[in-house]
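Atoms considered below: every heavy atom in the structure, side chains included; atoms not considered: hydrogens, waters and symmetry mates. Being a predicted model, the structure only gives us computed values, none of them experimental.
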Amino acid sequence: MQRQHISSGSPFEAQIGYSRAVVAGDWVFVSGTTGFDYATMSISDDVVQQAEQCFLNIQAALQQAGASLDDVVRVNYVLPDASLFEACWPVLRKHLGRARPAAMMVSAGLLDPRMKIEVEVTALKTR
């Protein structure tokens with residue numbers, strides 16, 4: 001089975017040594033993705049805006065892999081402050097409401113204190 005590596009152009013990928021996503025057959029594994037806008041290397045202070053940017057970043061990776069958010073079958077959320085999760089629900093429903101993937105939320109520290117949410121998805125290409 002061939003593997004395809006997807007890059008967002010984020011400097012973190014080269015610095016840490018990972019891919020934004022890996023395609024293996026019909027499966028797409030998207031790395032934990034934060035709310036950084038990679039074009040400007042900026043991040044909002046607002047968790048809801050960070051969640052929105054997470055999904056824009058994930059959507060871009062999925063498109064490069066020939067998939068979409070509708071193909072997501074599994075999602076993991078990580079938030080340092082679990083009390084902020086509910087504020088993100090409308091964003092999560094907006095982007096994954098059709099796919100309705102299996103989900104898990106964990107409260108844990110993230111690499112950069114500016115990061116308020118990180119999202120990891122697995123997709124199964126159905127087209």
Shortest non-hydrogen contact between [X] and [Y], atoms and distance:
X      : Y      : answer
Ala99  : Asp70  : CB-O, 3.7 Å
Lys125 : Gly66  : CD-O, 3.4 Å
Asp37  : Ala39  : OD1-N, 2.9 Å
Gly25  : Val23  : O-CG1, 3.6 Å
Ala82  : Ser107 : N-OG, 3.8 Å

- Query: According to the interplanar angle, ranging from 0 to 90°, do the rings of Phe29 and Trp27 count as parallel (below 30°), tilted (30 to 60°) or perpendicular (above 60°)?
  - Reply: parallel
- Val106: which other cluster members, linking ILVMFWY side chains closer than 4.5 Å, directly or transitively? Met104
- Message: Using a 4.5 Å cut-off between side-chain heavy atoms of Ile, Leu, Val, Met, Phe, Trp and Tyr, which other residues end up in the same hydrophobic cluster as Leu111?
- Response: Phe12, Ile16, Tyr18, Phe36, Tyr38, Met41, Ile43, Val78, Leu110, Met115
If I take atom [atom1] from residue [X] and atom [atom2] from residue [Y], how far apart are they, to the nearest 0.5 angstrom?
X      : Y      : atom1 : atom2 : value
Glu86  : Leu92  : CD    : CG    : 11.0 Å
Gln64  : Gln59  : CD    : CD    : 12.0 Å
Ile117 : Leu84  : CD1   : CG    : 9.0 Å
Thr33  : Glu118 : OG1   : CD    : 7.0 Å
Arg93  : Arg98  : CZ    : CZ    : 15.5 Å

Heavy atoms, side chains only, cut-off 4.5 Å: are [X] and [Y] in contact?
X      : Y      : value
Ser31  : Arg20  : yes
Ser8   : Asn57  : no
Val121 : Pro101 : no

- Taking only residues two or more places apart in sequence or in another chain, which ones pass side chain to side chain contact (heavy atoms under 4.5 Å, CB included) with Ser19? His5, Val22
- Query: Considering residues at least two apart in sequence or located in another chain, which fulfil the salt bridge (Lys or Arg N to Asp or Glu O under 4.0 Å) criterion with Glu52?
  - Reply: Lys94
- Query: What pairs with Asp46 under salt bridge (Lys or Arg N to Asp or Glu O under 4.0 Å), at least two apart in sequence or on another chain?
  - Reply: none
Taking [X] for its side chain and [Y] for its backbone only, find out whether a donor-acceptor pair lies under 3.5 Å.
X     : Y      : value
Gln49 : Ser44  : no
Gln4  : Ala65  : no
Asp81 : Lys116 : no

- Message: Between Thr126 and Asp71, is there a side-chain donor-acceptor contact under 3.5 Å, judged purely by atom types and distance?
- Response: yes
Please say yes or no: joined through hydrophobic side-chain contacts below 4.5 Å, possibly via intermediate residues, are [X] and [Y] part of one cluster?
X     : Y      : answer
Leu56 : Val28  : no
Leu62 : Leu124 : no
Trp89 : Val91  : yes
Val48 : Leu79  : yes

- Task: Write out all pairs satisfying ring pair (Phe, Tyr, Trp, His ring centres under 6.0 Å) with one or both partners inside residues 51-75, taking only residues at least two apart or from two chains.
- Result: Phe55-His95
